[in-house]
Amino acid sequence: MLDIRLLRTDLDAVKASLSRRRIDTSELDRVATLDVRHRRELSEVERLRAEIKRLSAGVGQARREGNGDEADRLAGESRALDVERAAREVAADELAAEIREVMLGIPNLPSDDAPDGGQDEHVLLRTVGAERVWADHQRVPHWDIGAERGWLDPERASRISGAMFALYRGAGARLLRALTQLALDRHADAWEEIRPPTLVRSETMLATGALPKFADDAYHVERDDLWAIPTAEVPLTSMHRDEVLDEAELPKRYTAYTPCYRREAGSAGRDTRGTLRTHEFDKVELMAWCTPDQAGEIHAEILRRAESLIVDLGLVYRVIDLCTGDLSFSSRRTFDIEVYAPGTDQWLEVSSVSWFGDFQARRGNARYKPAGGKGTEFLHTLNGSALAWSRIWPAIVETHRQPDGTVLVPEVLRPYLGGADVLK
RNA sequence: GGAGCGGUGGCAGAGCGGACGAAUGCGCCGGUCUUGAAAACCGGAGACCCGCAAGGGUCCGGGGGUUCGAAUCCCCCCCGCUCCGCCA
């Protein structure tokens with residue numbers, strides 16, 4: 001959520017910034033108007049309440065002095081004022097609720113550094129491995145490899161759960177487990193491993209920015225009013241909700257391995273083959289809490305870590321600086337890592353490394369106490385995927401497919417596959 | 001699912017109709033002492049909102065109610081804990 005004070009002092013700047021996202025900014029004018037009215041009602045309510053408090057103190061005093069008539073007179077006066085107070089308060093509360101509702105639907109301000117551009121534009125920062133030459137045996141899509149080797153079983157997956165679910169088997173399944181373990185181990189040096197709940201409350205979804213706008217994209221367990229997380233970012237971003245941390249304990253770095261659930265509403269019929277787009281996939285995520293000063297370095301660190309794993313897996317990839325029109329709702333700046341899958345001849349998004357500023361912390365009321373200073377400040381949050389099953393798996397089997405149809409195991413993965421250098 | 005107990009400041013924990021934004025302890029900040037630190041002692045400090053400021057207001061899980069006045073009484077809800085039952 002944006003700081004509403006920004007709308008009071010700098011409405012034009014906020015509008016200019018949000019229009020870089022290529023969205024309609026008329027809601028901002030509406031909030032600004034409502035805000036003025038809200039504050040007017042609020043100060044009137046407060047004036048009345050102060051008066052009532054004064055009168056009430058008088059009642060108590062008059063009573064103690066045995067002056068019953070005076071006490072009754074003051075009580076009556078107070079009662080009359082309270083009628084007006086109640087009416088004004090209802091009006092103020094309604095305005096506050098309306099303001100909140102609109103504010104929750106307004107996306108974050110893009111960073112000044114984020115490149116301008118629409119949804120289909122992006123700034124390519126670098127491509128690693130572009131010079132690589134692909135042989136015919138690497139031009140086989142992973143769904144064919146999966147069928148050929150018995151690693152993927154789409155018929156049974158849909159028998160069990162329907163379209164857009166994956167069922168991996170044998171060495172294919174084992175490869176996933178190895179990848180997960182590898183990713184988790186790589187960050188154990190500085191990132192605390194978390195295994196959070198994956199069914200969460202509405203407030204938890206709201207703090208991240210997954211609600212209220214994107215309710216249709218998530219699975220909702222109605223009977224218990226719980227949501228299946230679309231990413232570990234959701235529970236991790238509520239780890240310190242309603243807390244006040246000491247600056248000395250920052251930054252806090254977490255890594256979590258969880259399943260992720262997405263309804264993919266509106267994507268039916270797209271990417272129907274293979275594992276690229278599924279309702280459920282597992283992912284290892286990196287997520288950090290820090291001060292504004294630390295955010296830049298952490299952002300770089302997450303990107304560095306995500307890239308280095310991909311390098312070690314022997315994959316070709318590129319890094320993209322997302323344009324303002326393509327930035328996700330809560331993000332101020334995002335770098336996407338896309339891995340090249342030679343069999344499907346596609347660049348697959350495997351990680352979005354994002355800086356959210358204090359946007360999520362504000363929604364979740366997560367603050368810190370600056371060392372030596374007084375008061376509290378909102379934390380900054382950042383995150384990025386370290387490894388997403390549904391995209392890394394195809395890239396690996398396609399990239400490392402050998403002429404005989406087997407798949408060469410990247411060096412770093414071998415210890416996790418009992419030393420095997422080839423998957424047959 | 002049944003029974004009981006509880007939710008108060010950064011944390012722990014008193015208070016149970018008016019003088020309570022709230023004792024006390026821990027933690028935190030400043031000072032005295034010390035070569036320095038620790039200890040001890042003295043002092044300070046809650047969060048949030050409105051306001052240029054002076055100042056005002058809100059906040060004792062959330063929401064209603066009673067009352068001139070609610071942390072305190074009543075109702076509903078949420079969350080947590082304990083015991084029993086069920087269960088991977």
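Only a predicted model underlies this, so the values are computations on that prediction, with no experimental measurement involved. Lettering follows sequence order; numbering is per chain, from 1.
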Using the C1' atom in both, what is the distance from U8(B) to A22(B), to the nearest Å?
8 Å
For residues 209-219 of chain A, run the donor-acceptor check on the side chains, cut-off 3.5 Å, and write out each pair with its distance to 0.1 Å, sequence neighbours left out.
residue: K213(A); atom: NZ; partner: G105(A); partner atom: O; Å: 3.4
residue: Y219(A); atom: OH; partner: H279(A); partner atom: ND1; Å: 3.2

Once you round it to whole Å, what is the distance between P of G10(B) and CZ of R367(A)?
7 Å
Each nucleotide in nucleotides 52-59 of chain B should get exactly one letter: B, S or -. Can you fill that in based on protein heavy atoms under 4.0 Å?
----BSS-
Taking OP1 and OP2 of C48(B), is either one under 4.0 Å from a side-chain nitrogen or oxygen of T376(A)?
yes
For A386(A), the side chain to side chain contact (heavy atoms under 4.5 Å, CB included) test, sequence neighbours excluded, returns H187(A), V284(A), L286(A)
Scan R201(A) against the nucleic acid and name what it touches under 4.0 Å (heavy atoms): base, sugar-phosphate only, or nothing.
sugar-phosphate
Measure from the side chain of V244(A), starting at C-beta and using heavy atoms only, and say which of A47(B), G69(B), G10(B) lies closest.
G10(B)
What integer distance in Å separates L48(A):CG from C68(B):P?
18 Å
Would you be so kind as to tabulate the donor-acceptor pairs closer than 3.5 Å made by side chains of residues 162-180 of chain A, with sequence neighbours excluded?
residue: R169(A); atom: NH1; partner: D153(A); partner atom: OD2; Å: 2.6
residue: T180(A); atom: OG1; partner: L176(A); partner atom: O; Å: 2.8
residue: T180(A); atom: OG1; partner: W389(A); partner atom: NE1; Å: 2.8

Take atom CD1 of I52(A) and atom C1' of G69(B), then tell me their distance rounded to the nearest Å.
10 Å
Do D282(A) and Y257(A) have side-chain N/O donor and acceptor atoms under 3.5 Å apart?
yes
R85(A) bridged to E46(A) by N-O distance under 4.0 Å:
no
Could you name each residue pair satisfying salt bridge (Lys or Arg N to Asp or Glu O under 4.0 Å) that touches residues 19-28 of chain A, not counting sequence neighbours?
R20(A)-D116(A), E27(A)-R30(A)
Atom CZ of R79(A) and atom P of G69(B): how far apart are they, to the nearest Å?
8 Å
If I take atom CG in residue N365(A) and atom P in nucleotide G61(B), what distance separates them, rounded to the nearest angstrom?
16 Å
For the side chain of D82(A), starting at C-beta, report the closest nucleotide among C48(B), G69(B), C68(B).
G69(B)
What distance, rounded to whole Å, do you find between the two P atoms, one in G64(B) and one in A12(B)?
27 Å
Anything below 3.5 Å on both distances counts as a pair; with that, list the stems of at least three consecutive Watson-Crick or G-U pairs involving RNA chain B.
B:1-7 with B:78-84, B:10-12 with B:24-26, B:28-32 with B:40-44, B:46-50 with B:55-59, B:61-65 with B:73-77
Rounding to a whole Å, what distance do you find between D242(A):CG and G9(B):P?
12 Å
P atom, G4(B) versus C87(B): distance in rounded Å?
24 Å
Taking C-beta and beyond as the side chain, do L423(A) and L417(A) meet within less than 4.5 Å on heavy atoms?
yes
Nearest-Å distance once atom C1' is located in both A47(B) and C52(B)
23 Å
Would you say that more than 12 heavy atoms from the other residues, nucleotides or ligands in this model lie under 6.0 Å from the CD of E203(A), or not?
yes
RNA chain B: L55(A) or G60(A), which has the more 5' nearest nucleotide?
G60(A)
What is the distance, rounded to the nearest whole Å, between atom CZ of R5(A) and atom P of C48(B)?
9 Å
Can you confirm whether more than 12 heavy atoms, excluding those of R100(A), are under 6.0 Å from its CZ atom?
no
Spacing between D93(A) atom CG and C49(B) atom C1', to the nearest angstrom:
13 Å
Counting only side-chain heavy atoms from C-beta out, which of A47(B), C68(B), C50(B) sits nearest to S56(A)?
C68(B)
Between U82(B) and U72(B), how far is it from one C1' atom to the other, in whole Å?
26 Å
Answer with base, sugar-phosphate or nothing: what part of the nucleic acid does R40(A) contact at a heavy-atom distance below 4.0 Å?
nothing
Between C77(B) and A23(B), how far is it from one P atom to the other, in whole Å?
34 Å
Expressed as a whole number of Å, how far does the C1' atom of G21(B) sit from that of G31(B)?
27 Å
Look at E301(A) together with R253(A) and state whether they make a salt bridge at an N to O cut-off of under 4.0 Å.
yes
Considering only atom P, compute the distance from G27(B) to C76(B) and round it to an integer number of Å.
43 Å
Indicate whether the side chain of H380(A) and that of W355(A) have a donor and an acceptor atom separated by less than 3.5 Å.
yes
